[in-house]
Novice: 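Pasting a structure below so you can have a look.
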Amino acid sequence: LVTAEGTRARRSDDALGAADTEARAALEALVRGRVVVAREDGYEIAHEALGTRWHTLRGWLSQDGERRALAQRLERATAEWDRLGRTAEALWRQKQLDERDAVVAPPANARETAFVAASRREVRRRRVRRWIVVAGVPLAALAIYGATRVQRHREVTARVAAAVGQADAATTRAHAAVAEFERLRAQSFARFDALDP
């Protein structure tokens, strides 16, 4: 019910965690004691002087300053996230989430809980994307290298196959020439033996 600057703040049932029976009982006791005023749209401290004159409250406020500042930042960030249509750009980064985790987290309403959960999911998504890029670059280089090697292997295989094809054709022609030579040779010897001039 007190801002980080020490001024009064109006809070709804949801923001005060009034769904919890103990919180509800404490809130009703403060209203009965006229320390807190109940309005239609929420609750607020009866008078700002309570923060300066009531020593117990002043002590609590000084001990709780960091938590209240965090609660205020969280409230503003959630409102901005809602205003921008819940875009990923408005979510908190890891550093802000770490700051929130370092302080005893203030009670959060459903919107703030959704904001923090969405922030954590986005941080995980960014981390996964970063790892994909880190792992993807070497894999892409390896794939390009492999594709180049496969292409080069195919080209060499094609050249070898063409050379083998030419060699096979030359061998076939040579065998035909040898066969023709043997035929002519046999014919020549036959004529010679027959004394055919």
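Computed over heavy atoms, backbone and side chain alike; hydrogens, waters and symmetry mates excluded.
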Novice: Got a donor-acceptor contact below 3.5 angstrom from the Q96 side chain to the R93 backbone?
Specialist: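 Confirmed, Q96 side chain pairs with R93 backbone.
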Novice: If hydrophobic clusters are built by linking Ile, Leu, Val, Met, Phe, Trp and Tyr wherever their side-chain heavy atoms come under 4.5 Å apart, do V35 and V37 end up in the same one?
Specialist: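 In one cluster with V35: V37, no.
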Novice: Between CZ of R183 and OG of S188, what distance do you get to the nearest 0.5 Å?
Specialist: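 These two atoms lie 9.5 Å from each other.
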Novice: In terms of heavy-atom contacts, does CZ of R125 have more than 12 from other residues, nucleotides or ligands at under 6.0 Å?
Specialist: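 Count over threshold, so yes.
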Novice: Residues in side-chain contact (heavy atoms from CB on, under 4.5 Å) with D41, at least two apart?
Specialist: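 For D41 the side-chain contact (heavy atoms from CB on, under 4.5 Å) partners, ignoring immediate neighbours, are R10, R39.
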Novice: Kindly give the heavy-atom pair with the smallest separation between A90 and L84, and that separation in Å.
Specialist: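 So the minimum-distance heavy-atom pair works out to CB-CD1, 3.9 Å.
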Novice: Please report the C-alpha distance between W81 and W92 in whole Å, then the side-chain angles of each, then the deciding distance to 0.1 Å, and finally whether the side-chain contact (heavy atoms from CB on, under 4.5 Å) criterion is met.
Specialist: CA-CA 10 Å; W81 180 56; W92 276 1; over 6 Å; no
Novice: Of all the heavy-atom pairs spanning R34 and A46, show the shortest one and how long it is.
Specialist: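 Heavy atoms of R34 and A46 come nearest at O-CB, 3.4 Å.
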Novice: Could you work out, with side-chain contact (heavy atoms from CB on, under 4.5 Å) as the rule, every residue matching L139, not counting sequence neighbours?
Specialist: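 Once residues adjacent in sequence are excluded, L139 has no partner under the side-chain contact (heavy atoms from CB on, under 4.5 Å) criterion.
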Novice: Should the pair E80-R76 be classified as a salt bridge under the 4.0 Å nitrogen-to-oxygen rule?
Specialist: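 No.
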Novice: Which pairs of donor and acceptor atoms, one on a side chain in residues 149-168, lie under 3.5 Å apart (sequence neighbours left out)?
Specialist:
{"unit_1": "H153", "atom_1": "ND1", "unit_2": "T157", "atom_2": "OG1", "d": "3.4"}
{"unit_1": "T157", "atom_1": "OG1", "unit_2": "H153", "atom_2": "O", "d": "2.7"}

Novice: Could you go step by step and tell me if E180 and R185 meet the salt bridge (Lys or Arg N to Asp or Glu O under 4.0 Å) rule?
Specialist: CA-CA 8 Å; E180 180 64 17; R185 181 173 172 223; over 6 Å; no
Novice: With sequence neighbours excluded, tell me which residues meet side-chain contact (heavy atoms from CB on, under 4.5 Å) with V178.
Specialist: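 If we apply the side-chain contact (heavy atoms from CB on, under 4.5 Å) test to V178, skipping adjacent residues, the hits are E182.
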Novice: Apply side-chain contact (heavy atoms from CB on, under 4.5 Å) to residues R100 and L74 and explain how you reach the verdict.
Specialist: CA-CA 9 Å; R100 178 185 179 275; L74 180 59; 4.2 Å; yes
Novice: Sequence neighbours left out, what passes salt bridge (Lys or Arg N to Asp or Glu O under 4.0 Å) with R124? Give chain and number order.
Specialist: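 For R124 there are no salt bridge (Lys or Arg N to Asp or Glu O under 4.0 Å) partners, ignoring immediate neighbours.
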Novice: Would you check, one step at a time, whether the test side-chain contact (heavy atoms from CB on, under 4.5 Å) holds for E99 with L70?
Specialist: CA-CA 8 Å; E99 287 175 4; L70 173 65; 5.5 Å; no
Novice: How many angstroms lie between CD in E122 and CG in L91, if you round to the nearest 0.5 Å?
Specialist: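 Going from the CD atom of E122 to the CG atom of L91 covers 6.0 Å.
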Novice: Not counting sequence neighbours, which residues clear side-chain contact (heavy atoms from CB on, under 4.5 Å) with V123? List them please.
Specialist: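 In terms of side-chain contact (heavy atoms from CB on, under 4.5 Å), with neighbours along the sequence ignored, V123 is linked to Q94, L97, R127.
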Novice: Can you give me the closest heavy-atom contact between A114 and R86, atom names plus distance?
Specialist: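 Looking at all heavy atoms of both residues, the closest pair is CB-NH1, 4.3 Å.
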